[in-house]
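Report on the structure given below.
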Amino acid sequence: MKAVDFDYAQPATLDAALALLSRDDVMVRPVAGSQSLGPMLNLRLAQPELLVDITRIPELQAIRREGDRLVIGACVTHARLEDGDYPDVTRGVLPSVAAVIAYRAVRNRGTIGGSLAHADPAADWVNVLTALGAEVVIAGAGGRRTVPMTGFILGVFETDLQPGEIVAEIHVPALSERARWGYCKVCRKTGEFSHATGAVLIDPARGLWRCVAGATSGKPVVIDGPALFEGGCTEAAMAAHLAGSPAADDPIALRTHTVALKRAIAQVMS
Amino acid sequence: MAEVSTAGSGVGARVRRKEDDRLLRGRGRFVGDIALVGMKELAFVRSPVAHATITGIGIPEEHRGAVFTWADLAAGGVKPIRAVSGLPGFKVSEQPALADGKVRFVGEPVAVCVAASRAEAEDIAASVFVDYAELPVNSDMLEAVKPGAPKVHDHWPDNVFLETNVGGTIAEIAATAPVKVSRTIRTARQCMVPLEGKGVVVHWDRHVEQLVLTTSTQMPHIVRAGLSECLDLDQGLIRVVAPDVGGGFGWKGLLQPEEVVAAWIAMRLDRPVRWTEDRREHLVAAANAREHHYEITAYADERGRLLGVEADAWVDAGAYSVYPFSACLEAAQVGSILPGPYDFAHYRCRTFSVCTNKPPIVPYRGVARTGVCFAMEQMIDAVADAVGREPWQVRLENLVPPEKMPFDNVTRKHFDSGDYPESVRRAVAAIGLDGWRARQKAGEPDGRLIGVGFATCCEQSAHGTAVYHGWGIPMVPGHEQAQARITPDGGLELRVGVQSHGQSMETTFAQVAHEVLGIPLEKIKLVHGDTGLTPYSTGTWGSRSMVMAGGAVATACRTLAERLCRIGAHLMQAAGPEAVVLKDGAVTAGGAAVTVREIAHTWYRAPQLLPADVDRGGLEVTAGYKPGSDHGTFSYATHAVAVAVDPEIGQVEILDYVVVEDAGTMVNPMVVDGQIYGGVAQGVGTALYERMPYDAEGQPLASTFMDYLIPGFTEVPHVRIIHMLTPSPYTEFGVKGIGEGGAIAPPAALCNAINDALKPLGVIVTNAPMTPEVILSAIAGQRGTA
Ligand SMILES: Cc1cc2nc3c(=O)[nH]c(=O)nc-3n(C[C@H](O)[C@H](O)[C@H](O)COP(=O)(O)OP(=O)(O)OC[C@H]3O[C@@H](n4cnc5c(N)ncnc54)[C@H](O)[C@@H]3O)c2cc1C
């Protein structure tokens, strides 16, 4: 299938982009790597009249360290995060996760901001950045605001973004030296979206114990605090935490999510 | 007479493919690469519902003249596609190229839209409004055969294209056999997913007064025949050309409704038009292969020796009978080939070709064999389990032994040659069964379960006249013809009516010709897939091309060789053609030699030097060929696979995969290996990934590769191939067809391996694909009942 007829703009500055995106006389939509939007356009699931390509805006391409956090521009590609040409404050988490997103061809174009804005529950960054306690800086014609990941992803393909707003930056806090990380995706083939994702971060120095069950039928399920670990992380305890959540739609889903979490936790404990 | 050359590029040589230079550089010419002046693009309005009466089609005023429906085609004299079978009781379906008042599956073409670009044509398609009065739907073949099921074709008494009954009574064996095992087995509906979808460009060539259909097809001559019937146009007024074709697997082995529509539009508008199938159209409207259901019972003695097999089998044949193979080929084949490579005496099989509200079934690489192998090989393992022996031992117990070859089995299939048990023994050794058994016992540190599975299959191919005459379908292969002509500069042109779309014929037919004539490969040119340039052929299907067209090439080249020798002998003033030999591209007598190039020059450019009694046919021969038996060739294989099953998440990792197969004489072992690798990749898809799910309303639930999973390069195992070489007694050089075997056995071998792994849990899986859900449900079911 072919996309409907649309106009295309490639502004050079964030202000110009935001001005275009705030137009209300046409159906307007930002595009970054087009790895999710492209198929939607071709399947005519998205029928915008104007596409605003935000990938030529220098500040959305930048990565920099700011104190104890890494600031990643929304249009930084998965490939660049994989290659690691930046002061990685996550002790290898970002490159290792980026490397298992789809194939290199997809990573060369797909962006971290596009991934979050698309908000597929099975997407890697949606779950990993939640586990890392990242924050999202949203820019709109009216200014900027910052929301934590837990408040940004609201559901399946649903975010806190308002019309005319875009993701501008992602702020990832630095991990301490003793931080431990575990990550497990259950998928049958390379490039297939995950059926169950477990992401676990313990950083006692920062008082952090966080388990995330992702690729659910809703937003990521977050289990905070040391209780699960103190109780020995039994499968029963994990299942109890997930019961009633979007990770527990049916017995097989619950079981698979429990296993994903168990395996991510096993990495942390090893 | 010419002597067979032993030079390094004839039959048996591992030469690189001539076609790769073009294809690997992206320089092929596919339908999508063709641009004709003034060409329009087509987009189809397709039914969004599985079964409905069309109560109205609304075409916006501004698009009148750019949208056509069946009413337009019918007024223009276009007839529906009719693919009948002569088997008694076959019910005929008529498939109009655009729906005629009723739609019978999701994706059925309802109207066609014409515009300067595909995107604009799709814009128009989106503006066409069709009123559907929905009817109850047959989405499952087992429901569709029940009394009172909604009827797909109103004038039929039920939804069965054809019921067949093979074999006799088996009651006595059933009553007395010491071992009886039964299974319910199912394979899923699949798409064939060639890299290139279907596509067609049509224009009217004013110079030769012909409709030229350049189409992505495996069988140009058959498409021409079918098109001629639908358009009521003499075959002489139609030329069908297959350009480079990016894989077929059966999906391009039929007359497409879209081809009929495009041809009619091109004539009606007097304009070139093109239709290109996109991936979504393919997944939705062409989910058309493999869906079988078996209720099967095997009877055996205490050693596991088969006493008899009985089965009822249903094949979901979809809504219409496709041209030329018909709706019943697959199910009726089940009846005749279910016994597989085994020797047993008592057999009964009843089959149903069921008509449902799904895309019409099309034979897919392996055709019914993949399903029957999946069923039969599970039964062998079930018998082995019941008698407490290793499955490979039970195979040895039952396979046709070499001393019985050639062998007519219980359904009178004529196995030509080979040592089937030896293929099992070699597979057991090559996979290293003992090592896996030890590892199984020790257990895996990660909790996964190891399993080893085997499957043995035979592959009837190059089916002959008698076999196809029996089906009574619109196509019966007879003598396959090839044309061989020496060019004035001593090269060779081969013209064949089959079509090469991955089979490497540009290379392998050249090897055959080289074997006979000694002309270097680089001077041999294959012309194929074009009704205007090649002899008639039923085309490329059923692993027939090397046996049939290869045989015809050899036959034509032999006649050429005789003529070359006769002229050569004259030029050298030798005693006569008996006194010379053709070797390495020259006719020699003692120390004297005259090259093919010189002989060609003489015939074409210096005829004054020719003898008076020279053969007036010259250096151009069309010859027909049939093998010594009409039954087709039988290659066979044993596949062995080791897997690790993760019982927590239901995933299967393939740890090792071995194929031991007997292709008879291999014209080019690299090409044979390539066919096996590709086939196994598709078999792995059938086994573990591929399934088009339908809901109760007949809606296909996968429409992109997000939902319809196919194995990629990371999922296809490294396959180790071991060749056995038993030449066929009936064919040129002893070749056998091998195009499909790779895709036949993997689902069976993987199923047996998974069940071997699951044995400690006391559960089995019997349905393909064996997805995590299937495996986890089996495990959970056992837990639930425990
Ligand atoms: C074959 C394949 C396999 C894949 N496998 C995986 C995988 O394993 N794991 C995974 O996580 N992902 C996977 N993806 C998705 C991929 O990661 C995409 O890159 C990502 O989902 C979208 O990023 P993008 O830059 O391409 O966004 P686009 O496709 O350009 O946009 C996606 C959506 O976000 C909007 N948007 C884009 N940027 C912004 C922004 N800065 N602010 C606001 N809205 C914005 C667009 O309007 C659109 O709605 C896969 C994709 C493909 C094609």
Side-chain angles (χ1 to χ4, degrees), chain A residues 1-6 35-36 38-45 47 49 99-100 102-106 118 120-123 157 184-198 215 235 238-239 249-267 270, chain B residues 41 43-44 46 115 117-127 276-284 446-447 646-653 684-685 688-691 703-716 769-781 783-784:
Chain A
M1 285 188 80
K2 306 287 182 198
V4 296
D5 198 16
F6 58 81
Q35 295 304 293
S36 296
M40 289 164 65
L41 288 171
N42 282 350
L43 292 167
R44 298 198 172 192
L45 295 172
Q47 304 198 355
E49 291 163 287
V100 296
Y103 316 92
R104 181 75 190 192
V106 172
H118 189 57
D120 187 317
F157 303 123
C184 172
K185 272 205 288 187
V186 176
C187 46
R188 279 193 285 163
K189 57 172 277 189
T190 310
E192 191 205 13
F193 271 93
S194 171
H195 296 275
T197 298
E235 272 190 49
M238 282 183 256
D249 286 351
D250 61 66
I252 287 185
L254 174 59
R255 167 116 189 98
T256 309
H257 281 289
T258 307
V259 170
L261 208 51
K262 180 177 90 173
R263 291 183 181 182
I265 289 172
Q267 292 169 22
S270 68
Chain B
E41 301 277 352
F44 285 89
R46 292 179 183 273
S117 69
R118 173 65 175 254
E120 290 163 286
E122 287 183 13
D123 289 346
I124 298 174
S127 77
T276 315
E277 178 190 52
D278 68 22
R279 204 48 81 181
R280 190 182 203 198
E281 282 180 298
H282 182 72
L283 292 175
V284 171
D446 61 7
D646 186 330
E648 288 189 329
I649 54 174
Q651 285 185 1
V652 177
E653 185 191 349
V684 167
L688 299 178
Y689 300 100
E690 295 185 48
R691 169 171 177 251
S703 63
T704 71
F705 285 145
M706 287 273 290
D707 315 301
Y708 187 90
L709 292 194
I710 54 172
F713 56 85
T714 44
E715 287 75 45
V716 175
M770 293 157 282
T771 60
E773 299 78 65
V774 167
I775 291 169
L776 291 178
S777 302
I779 295 173
R783 254 203 221 108

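Below, read A as the first sequence line, B as the second, and so on, with proteins coming before strands; counting in each chain starts at 1.
At a 4.5 Å heavy-atom cutoff, the contact between Thr704(B) and chain A is made by side-chain atoms alone. The parts of Glu122(B) that come within reach of chain A are both its backbone and its side chain, each placing non-hydrogen atoms under 4.5 angstrom from that chain. Residue Val259(A) touches chain B through its side chain alone, counting heavy-atom pairs closer than 4.5 Å. Using a 4.5 Å cut-off between heavy atoms, Phe705(B) does not touch chain A at all. Contacts between Glu235(A) and chain B at a heavy-atom distance below 4.5 Å involve the side chain alone, from C-beta outward.
The side-chain contact (heavy atoms from CB on, under 4.5 Å) test with Ile252(A) is passed by exactly one of Ile779(B), Leu776(B), Ile649(B): Leu776(B). Shown are Arg118(B), Arg280(B), Arg279(B); of these, the side-chain contact (heavy atoms from CB on, under 4.5 Å) with Met1(A) is made only by Arg280(B).
Residues Arg188(A) and Leu709(B) are in side-chain contact: their nearest non-hydrogen atoms beyond the backbone lie under 4.5 Å apart. With a 4.5 Å cut-off on side-chain heavy atoms, Lys2(A) and Asp278(B) do not count as touching.
For the set Ile710(B), Leu688(B), Val652(B), Thr276(B), the count of heavy-atom pairs under 4.5 angstrom toward chain A peaks at Ile710(B).
One distance of note links CG of Asp707(B) with CD of Glu192(A); it measures 9.5 Å at 0.5 Å rounding. Taken to the nearest 0.5 Å, the CD atom of Glu773(B) stands 8.0 Å off from the OG1 atom of Thr256(A).
For Gly712(B) against Lys189(A), the heavy-atom pair with the smallest separation is N-NZ, 4.1 Å. Summarising the geometry of Ala119(B) relative to Ala3(A), their closest heavy-atom pair is CB-O, 4.2 Å, with the distance given to 0.1 Å.
Scored by the ring-ring contact (aromatic ring centres under 6.0 Å, His included) test, His282(B) finds Trp251(B) as partners (sequence neighbours excluded). The salt bridge (Lys or Arg N to Asp or Glu O under 4.0 Å) test applied to Glu648(B) returns Lys262(A), Arg263(A), not counting sequence neighbours.
Counted within 6.0 Å of CG on Asp446(B), heavy atoms from surrounding residues, nucleotides or ligands total more than 12; the atom is thus considered enclosed.
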